[in-house]
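Following: one structure in structure tokens, then a few remarks.
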Amino acid sequence: MWHNGELIDWDDAKIHVMAHALHYGTTVFEGIRCYKTERGSEVFRLPEHIARLYNSAKMYRMELALKQEDYSAAILRTIQANDLKHCYVRPLAFRGVGAIGVNPLDNPIEEYILVWEWGKYLGDEAIEQGVDVCISSWNRAAPNTFPTMAKAGGNYLNGTLVKMEAILNGFTEGIALDTSGYISEGSGENFFLLLQGKIITPPVSNAILPGITRNSVITLAREKGYEVVEQSIPREMLYMADELFLTGTAAEITPIRTVDRIPIGSGTRGPITTELQREFFDYVEGRVGDRHGWMTNVYEPAAVKSEV
Ligand code: PMP
């Protein structure tokens with residue numbers, strides 16, 4: 001893995017328990033996938049993930065040592081050093097050892113890039129069969145508490161409450177409402193609803209992380225001629241929906257088959273979800289050309305990529 005500019009061994013990635021992040025959750029991070037495509041190994045939407053990381057760091061006044069334009073090379077180098085064909089990439093920056101107290105300003109920033117092989121997040125079957133979800137009793141953060149547009153470690157304390165409650169009650173995932181009672185998102189996924197041919201997803205004002213998969217699905221769906229709107233969704237609309245699905249780097253496009261044990265549509269993966277999954281996987285696995293410039297090849301020089 002990569003640490004503050006150098007490649008280090010996995011076993012040498014150690015931190016002291018006095019690290020600020022461990023006590024106060026002061027981390028920012030990303031989750032990125034590198035796919036094995038027909039053109040070789042390619043990272044999906046790398047510049048967008050790096051931009052989100054730098055925005056998250058900016059909100060928390062964390063200045064990253066590496067310049068934003070050099071970050072992509074550091075990620076590619078880490079994947080290359082591990083000779084991985086496909087993997088999950090986790091850039092992480094956090095407040096390290098210094099004074100213990102809430103003020104983080106003098107604590108050094110530690111930067112890591114971790115890479116490892118990872119399968120389907122919600123299980124192999126989930127992509128085909130769909131998952132059973134519940135509406136969480138936990139809400140997403142109110143807009144004047146802490147920023148949900150940042151991908152920051154502390155946000156995931158809320159996420160773990162949503163996820164644990166769901167799992168312990170026999171569901172795969174929980175969907176959180178925002179503090180006004182509108183649908184927000186899953187513990188690690190954005191949310192989409194299909195009703196009468198229209199695709200609806202909550203806007204950023206409903207306390208979501210602006211997902212890069214969400215943005216990609218909106219683009220692909222519009223290309224297929226679907227109307228996609230960002231609109232607040234009341235809870236009851238879920239039970240009336242024809243199809244529901246979750247999106248995320250880890251979850252990719254995962255259908256939802258029940259909410260609160262109520263079957264959605266036919267109670268299995270719906271036809272439009274299936275079509276969007278096919279569009280998405282054809283794209284990220286390189287069965288179609290990279291018409292949006294979303295893929296960054298890991299091992300081939302850029303010149304070769306443009307010829308494909
Ligand atoms: N919401 C939350 C809370 C997440 O953790 C994630 C995963 N990063 C997402 C949405 C989906 O975002 P993306 O598609 O960029 O992975």
Side-chain angles (χ1 to χ4, degrees), residues 25 27-35 43-57 59 75 87-93 114 118 120-122 126-127 131 133 136 138-143 145-166 172-179 182-193 199 201-221 228 230 233 244-254 256 276-277 279-281 283-284 292 294-296:
T27 81
V28 295
F29 66 102
E30 270 305 313
I32 311 174
R33 263 191 203 265
C34 169
Y35 286 93
V43 182
F44 184 56
R45 306 206 69 176
L46 184 54
E48 291 85 350
H49 281 283
I50 293 171
R52 193 170 64 186
L53 178 72
Y54 277 74
N55 278 328
S56 301
M59 288 178 218
I75 288 181
C87 60
Y88 186 80
V89 183
R90 168 58 53 86
L92 172 71
L114 299 91
W118 213 21
K120 301 290 174 211
Y121 178 61
L122 296 173
I127 296 276
V131 291
V133 308
S136 184
W138 294 101
N139 286 160
R140 275 295 187 222
T145 56
F146 45 86
T148 60
M149 286 181 79
K151 193 165 171 66
N155 294 18
Y156 288 82
L157 278 175
N158 174 259
T160 61
L161 291 171
V162 170
K163 187 78 175 179
M164 288 189 293
E165 180 188 58
T172 300
E173 186 55 284
I175 307 292
L177 307 178
D178 69 8
T179 50
Y182 291 107
I183 299 293
S184 178
E185 60 180 352
S187 66
E189 310 89 9
N190 291 116
F191 177 85
F192 283 80
L193 180 150
I199 302 177
T201 192
V204 287
S205 47
N206 289 133
I208 64 164
L209 180 77
I212 290 160
T213 321
R214 171 183 180 276
N215 174 276
S216 311
V217 167
I218 292 173
T219 303
L220 295 175
V228 185
E230 295 181 53
I233 301 173
L244 304 176
F245 62 87
L246 297 167
T247 65
T249 298
E252 296 167 308
I253 300 179
T254 298
I256 294 173
L276 294 174
Q277 281 181 325
E279 287 292 314
F280 178 80
F281 286 114
Y283 199 106
V284 297
H292 296 296
W294 284 347
M295 311 302 287
T296 302

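Only this structure's heavy atoms are used, side chains among them; waters, hydrogens and symmetry mates stay out. Just so you know, residue 1 is the first one in the sequence shown, and it goes up from there. In listed order, ligands and their atoms are each counted from 1.
- Glu230 pairs by the side chain to side chain donor-acceptor pair (under 3.5 Å) definition with Arg214, not counting sequence neighbours.
- Ser205 approaches Asp178 most closely through the heavy-atom pair O-OD2, 4.3 Å.
- Residues meeting the salt bridge (Lys or Arg N to Asp or Glu O under 4.0 Å) test with Glu30, sequence neighbours left out: Arg52.
- For Tyr88, the ring-ring contact (aromatic ring centres under 6.0 Å, His included) partners at least two apart in sequence or on another chain are Trp116, Trp118.
- Phe280 places a side-chain heavy atom less than 4.5 Å from the side chain of Thr213.
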Going through the checks in order, is the ring pair (Phe, Tyr, Trp, His ring centres under 6.0 Å) test met by Tyr283 and Tyr35?
-> CA-CA 10 Å; Tyr283 199 106; Tyr35 286 93; over 10 Å; no
Quick one: table the atom pairs, ligand 1 N or O against protein N or O, below 3.5 Å, distance rounded to 0.1 Å.
residue	atom	partner	partner atom	Å
ligand 1	1 (N)	Glu185	OE1	2.7
ligand 1	5 (O)	Lys151	NZ	3.3
ligand 1	5 (O)	Tyr156	OH	2.4
ligand 1	8 (N)	Lys151	NZ	2.8
ligand 1	14 (O)	Ile212	N	3.3
ligand 1	14 (O)	Thr213	N	2.9
ligand 1	14 (O)	Thr213	OG1	2.6
ligand 1	15 (O)	Arg52	NH1	2.8
ligand 1	15 (O)	Arg52	NH2	3.0
ligand 1	15 (O)	Ile212	N	2.7
ligand 1	16 (O)	Thr249	N	2.9
ligand 1	16 (O)	Thr249	OG1	2.6

